[in-house]
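Report on the following structure.
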Protein chains: 2
Amino acid sequence: MKTSLVAVDFHGQGCADCAVRGFSVCASLDQFEMREFEQLSRRVSFASCETVFAQEDRSSCFYNLLDGVMRLYKLLPDGRRQIVGFVLPGDFVGMTTEERHGFSADAIGPVTVCQFAKLPFGRFADDKPNLLRRMNELAVQELNQARDHMVLLGRRSAEEKVATFLVGWRDRLVELRGPSNIVPLPMSRQDIADYLGLTIETVSRTFTKLERDGIIAILPGGVSLRDSARAEALAAA
Amino acid sequence: MKTSLVAVDFHGQGCADCAVRGFSVCASLDQFEMREFEQLSRRVSFASCETVFAQEDRSSCFYNLLDGVMRLYKLLPDGRRQIVGFVLPGDFVGMTTEERHGFSADAIGPVTVCQFAKLPFGRFADDKPNLLRRMNELAVQELNQARDHMVLLGRRSAEEKVATFLVGWRDRLVELRGPSNIVPLPMSRQDIADYLGLTIETVSRTFTKLERDGIIAILPGGVSLRDSARAEALAAA
DNA sequence: CGGGCGATTGACGGTCATCAAGCTGTGTGG
DNA sequence: CCACACAGCTTGATGACCGTCAATCGCCCG
């Protein structure tokens, strides 16, 4: 939970060769805007488990994940934790008009982000309807995911929760890296539990049940979807 | 669940005297933009329990609630329901870039909305950064609420859920109608249960428990927060 | 080899869901 | 005015699912 930076590059090393150029916010910018935008950004790396920002921090920056995985979570005063999302490369994080973030973000494994100071970013975006529309699009998309997750948390059984998570996580990785039924799980069982509103023991038991039923195979660092049709059925149910 | 319109007024009867003028999307518009905007909108009323739009409908309109209360919900194929939010006057609903809404909205009691066709609205907004920013603001606000609700659904006990709901609902009504610890509850127990991820029986039992403990008094059509400090403590916990 | 951490498994219990009455208030019709 | 019906809510009895507590396993790394 230290928050020291591990590496800093002022003004990135060019957006042109950025891995997430095509599908993040910046996709909405033209060549010239891009050049200007580049000046606002800064590449920053974090080591595994470092906190990128915390719930109570003043929200002075936005982040665009370039590499690695992050978890976003909220803590109750007594320490209960709810993970509200996992972040993959290309995802835009921290957008808010509030004074403080309202949730924390930390690195699951080493992470590189593209960081923007909120104020100059705001000034830059102010007269760029295409960028504003793109940000709207992203916010609405996240809102839809959030609502889907509410259904999961409020109305689904442990088995459905785990299956839904695995299928959803696979689908996100497929978008990013191409089709495969091998699903790497960089996050811990505790993270999965806190994402699904379960305990670590229930997650573990459910994994083994799914394995016994021939739906998945548990591998070191992930699972394989042996019977993705049945997994998807559980997820849809 | 009929969806017939009850009353229609083409081009509203003026935004100038609109009850929610001050705090909805339109707050970001100047006099001249407003005049143009007025032409895009249309006042529509719905009777109690009518569906304003359904999950699978093509998302052709946005809505601004003028009067009444609505519930937004998602249904699983087997009929389980999760209410993802209650809508009060001034709230903006239906914003999406997707083809279909993804959730349903229906009236709890009679309702009046200000309706916009998506396409002309989009064209109108396209070159109005102030409006786009305002929409961003609203989307981000909703996203924050959604995340708070995830914590509630995933990590809180029945008693905390109910207390949090009552306090939160009171606070929203206070914003709208001024301070009071009388909390009208236009929605049914079933609605509350589906919002909190509980059953109707658990909600009912929890209400009576809170009453026995002197925290609330159950009134016809609502409750009174007798000991709002303790209610808030439960909600914060 | 031994320490340590994360994951798994087992035994047990509590919270909340389920099933089933009963209650209350409101509207209807005689 | 009362009987009746009906819908929404409350209450009770029971049990399942999942949380809790605790022991063990497996693996990595010193």
Side-chain angles (χ1 to χ4, degrees), chain A residues 1 48-49 71 76 78-83 108-109 151-166 183-213 216-224 234 237, chain B residues 1 48-49 71 76 78-83 108-109 152-166 183-213 216-223 234 237:
Chain A
M1 302 291 171
S48 191
C49 290
R71 60 177 160 248
L76 290 175
D78 64 0
R80 281 175 289 178
R81 184 177 73 154
Q82 175 68 45
I83 291 188
I108 298 177
V151 180
L152 178 141
L153 290 170
R155 286 292 176 232
R156 310 191 89 142
S157 70
E159 194 176 12
E160 289 171 349
K161 284 177 175 183
V162 170
T164 307
F165 165 67
L166 291 176
V183 189
L185 297 173
M187 69 292 283
S188 70
R189 293 287 189 270
Q190 184 65 64
D191 286 339
I192 298 175
D194 287 346
Y195 182 59
L196 300 178
L198 298 170
T199 59
I200 184 174
E201 293 93 334
T202 302
V203 170
S204 191
R205 274 187 254 273
T206 308
F207 268 70
T208 44
K209 177 173 189 313
L210 291 176
E211 182 164 53
R212 266 201 319 270
D213 295 351
I216 66 171
I218 301 178
L219 312 172
V223 303
S224 161
L234 276 174
Chain B
M1 300 292 169
S48 191
C49 291
R71 60 178 162 248
L76 291 175
D78 63 0
R80 282 176 287 179
R81 184 178 71 153
Q82 175 67 46
I83 291 189
I108 298 178
L152 177 141
L153 290 170
R155 285 296 177 228
R156 310 190 87 136
S157 70
E159 195 177 10
E160 290 171 348
K161 283 177 175 181
V162 171
T164 307
F165 165 67
L166 291 176
V183 188
L185 296 173
M187 68 291 285
S188 70
R189 293 287 190 269
Q190 186 64 64
D191 286 339
I192 299 176
D194 287 346
Y195 182 58
L196 300 177
L198 299 171
T199 60
I200 185 174
E201 293 94 333
T202 302
V203 170
S204 189
R205 276 187 252 274
T206 308
F207 269 71
T208 44
K209 176 172 190 315
L210 291 177
E211 181 164 52
R212 267 202 317 273
D213 295 351
I216 67 171
I218 301 177
L219 313 172
V223 303
L234 275 173

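Order of the sequence lines fixes the chain letters, A, B, ..., with proteins taken first and strands second; residue numbering starts at 1 for each chain.
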Which listed nucleotide ([options]) is nearest to the side chain of [X]?
X	options	answer
B/Thr202	C/dC16, C/dT8, C/dA11	C/dC16
B/Leu198	C/dA17, C/dA11, C/dT18	C/dA17
B/Ser204	D/dT10, D/dT20, C/dA17	D/dT10

Quick one: pull up [atom1] in [X] and [atom2] in [Y] and give me the separation to the nearest 0.5 Å.
X	Y	atom1	atom2	answer
A/Leu166	A/Ile216	CG	CD1	6.0 Å
A/Gln190	A/Leu198	CD	CG	10.5 Å
A/Met187	A/Tyr195	CE	OH	8.5 Å
B/Arg156	A/Gln82	CZ	CD	11.0 Å

Could you state the atom-to-atom distance from [atom1] of [X] to [atom2] of [N] in whole Å?
X	N	atom1	atom2	result
B/Glu159	C/dG14	CD	P	17 Å
A/Gln190	C/dG6	CD	C1'	10 Å
B/Arg156	C/dC16	CZ	P	13 Å
B/Ile218	D/dG8	CD1	P	18 Å
B/Glu211	D/dT11	CD	P	8 Å
B/Ile216	D/dC9	CD1	C1'	14 Å
B/Leu153	C/dT15	CG	P	20 Å
A/Lys209	D/dC18	NZ	P	11 Å

Self-check item: B/Arg155 backbone acceptor or donor facing A/Arg80 side chain under 3.5 Å
Solution: yes
Practice problem: Remember a base hit wins even if backbone is also touched, and classify A/Thr199 as base, sugar-phosphate or nothing at under 4.0 Å, heavy atoms. | Solution: base
Quiz item: So what does B/Gly197 touch, heavy atoms closer than 4.0 Å: a base, only the sugar-phosphate, or nothing?
Solution: sugar-phosphate
Quiz item: Does a side-chain N or O from A/Arg205 land closer than 4.0 Å to OP1 or OP2 of C/dT8, or not?
Solution: no
Exercise. Return no unless some side-chain N or O of A/Thr208 is found under 4.0 Å from OP1 or OP2 of C/dT8.
Key: no
Exercise. Using heavy atoms to find the nearest nucleotide of DNA chain D for B/Phe207 and B/Arg155 separately, return the residue whose nucleotide is more 5′.
Key: B/Phe207
Quiz prompt | Base C/dC19 paired with B/Glu201 side chain (donor-acceptor, <3.5 Å) | solution = yes
Quiz item: What about A/Arg212: does its side chain form a donor-acceptor pair under 3.5 Å with the base of C/dT8?
Solution: no
